[in-house]
Protein chains: 2
Amino acid sequence: MTTSNETDTQRHRSTKQRAAVLAAVEGVHTHPSAEEVYRVVRKKIRNVSLATVYRNLHLLAEEGKIREVQFKGDSIRYDGMLEAHEHFYCTSCGAIEDLPSKLPATALSSLTNKLGVTIERYALDYYGLCKKCKSRKS
Amino acid sequence: MTTSNETDTQRHRSTKQRAAVLAAVEGVHTHPSAEEVYRVVRKKIRNVSLATVYRNLHLLAEEGKIREVQFKGDSIRYDGMLEAHEHFYCTSCGAIEDLPSKLPATALSSLTNKLGVTIERYALDYYGLCKKCKSRKS
DNA sequence: TTCCTTGCAAATCGTTTGCAAGCGC
DNA sequence: GCGCTTGCAAACGATTTGCAAGGAA
């Protein structure tokens, strides 16, 4: 047999585009969209294409180096924080705040047993108005 | 002053299209997409348009008669169950199961105070393989 | 040299909108 | 009759894909 296995027949090469995309997501806490990542990466690599940004975002998410998140009515956004956590999403300006994970691990196992399902992950998202938007509207 | 107020200047008329859309969402527990609602409504009203289905889905959601839900990577889907509850989403076939609400109300108020935000709602979504997909893949 | 990656442009998907005709109140 | 609603088709925004050239290993 070779050095590669069935689930890893294709090797990922290291390219400056890939590195720049990863750096762009890791460098902020704003949970940027693909478009926003694209704008940041373009500052380093002027002729990078949006398609390349999309491809690398997916690839990095598959590798587990970043995470994809999505809130109702918004586009997919990217998160460089890998530890389990929850989100607050502002329905007015789209700002996202990370929150420490609060869901007890027992909640997952009890569901696994009750429903006969396999749970890979969960998302606990709070929707509302952030501090700024709250005062702006009062 | 008149019988209408500032937030209710436009009246909603009752149309057979609107009624059929509502019935389609309320009639199933599958959390149908707009396209699926369209297919059901078409059986009653052959020449209904997809745009009308979309418009009525939004309108009914605004009125609070149905709810919109969205899971990562999937299109918006509709839920006729109005009581607070949580969801299990199968990442393989897209099936959704309703789960009783487990999140303690105290979680919301503590966040409200800590972050200085206003929380309107939350979504607690579990992702994984449903019973069928689980056995199908083993 | 191999074949993964890229940039570009076109395609796709879900959803929204403009418009003139239709219909509830 | 007024004006909300509809059906149709075109427009839209986000994301994906085909393809030939480019660049890691």
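Just so we're clear, the structure is a prediction, and the values are computed from it rather than from any experiment. Labels below follow one simple rule: chain letters A, B, ... track the order of the sequence lines, proteins then strands, and each chain is numbered from 1.
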Undergrad: In this structure, how many angstroms lie between the C1' atom of C:dT15 and the CG atom of A:Asp74, rounded?
TA: 15 Å
Undergrad: D:dT16 C1' sits how many Å from A:Tyr38 OH, rounded?
TA: 16 Å
Undergrad: Mind calculating the distance between CZ (A:Phe71) and C1' (D:dA14) to the nearest angstrom?
TA: 17 Å
Undergrad: Check B:His12, B:Gln17, B:Arg18 against B:Asn56 for a side chain to side chain donor-acceptor pair (under 3.5 Å) and give me the one that passes.
TA: B:Arg18
Undergrad: Report the distance from atom CD of B:Glu35 to atom C1' of C:dT12, rounded to the nearest whole Å.
TA: 14 Å
Undergrad: Measure CZ/B:Arg77 against P/C:dT15 and give the value in whole Å, please.
TA: 11 Å
Undergrad: For A:Thr30 and A:Tyr78, does a side-chain donor sit closer than 3.5 Å to a side-chain acceptor?
TA: no
Undergrad: State which of C:dT5, C:dG14, D:dT15 makes the closest approach to the side chain of A:Arg18.
TA: C:dT5
Undergrad: Would B:Tyr126 and A:Thr112 satisfy side chain to side chain donor-acceptor pair (under 3.5 Å), going step by step from the backbone distance to the final call?
TA: CA-CA 10 Å; B:Tyr126 299 92; A:Thr112 301; over 6 Å; no
Undergrad: Would a line drawn from the ring center of B:Tyr89 to the ring center of B:Tyr127 be shorter than 6.0 Å?
TA: yes
Undergrad: Rounding to a whole Å, what distance do you find between B:Glu62:CD and D:dT5:P?
TA: 11 Å
Undergrad: Between protein and nucleotides 23-25 of chain D, what N or O pairs are separated by less than 3.5 Å?
TA:
residue : atom : partner : partner atom : Å
D:dG23  : N2   : A:Arg13 : NH1          : 2.4
D:dA24  : N3   : A:Arg13 : NH1          : 3.4

Undergrad: Are A:Ser110 and B:Lys102 close enough that a side-chain donor and a side-chain acceptor fall under 3.5 Å?
TA: yes
Undergrad: Decide whether B:Thr52 and B:Ser49 meet the rule of one side-chain donor and one side-chain acceptor closer than 3.5 Å.
TA: yes
Undergrad: What nucleic acid atoms does B:Gln17 come within less than 4.0 Å of, heavy atoms only: base, sugar-phosphate, or nothing?
TA: sugar-phosphate
Undergrad: Please give me every residue in residues 46-60 of chain B whose heavy atoms get under 4.0 Å of an atom in DNA chain C, ordered by residue number.
TA: B:Leu50, B:Ala51, B:Tyr54, B:Arg55, B:His58
Undergrad: Any luck finding a side-chain donor-acceptor pair between B:His87 and B:Glu97 under 3.5 Å?
TA: no
Undergrad: Apply side chain to side chain contact (heavy atoms under 4.5 Å, CB included) to the pair B:Val117 and A:Leu129, showing each step before the final yes or no.
TA: CA-CA 6 Å; B:Val117 303; A:Leu129 293 179; over 6 Å; no
Undergrad: Applying ring-ring contact (aromatic ring centres under 6.0 Å, His included), run through B:His31 and B:His29 and close with a yes or a no.
TA: CA-CA 6 Å; B:His31 306 75; B:His29 292 146; 8.0 Å; no
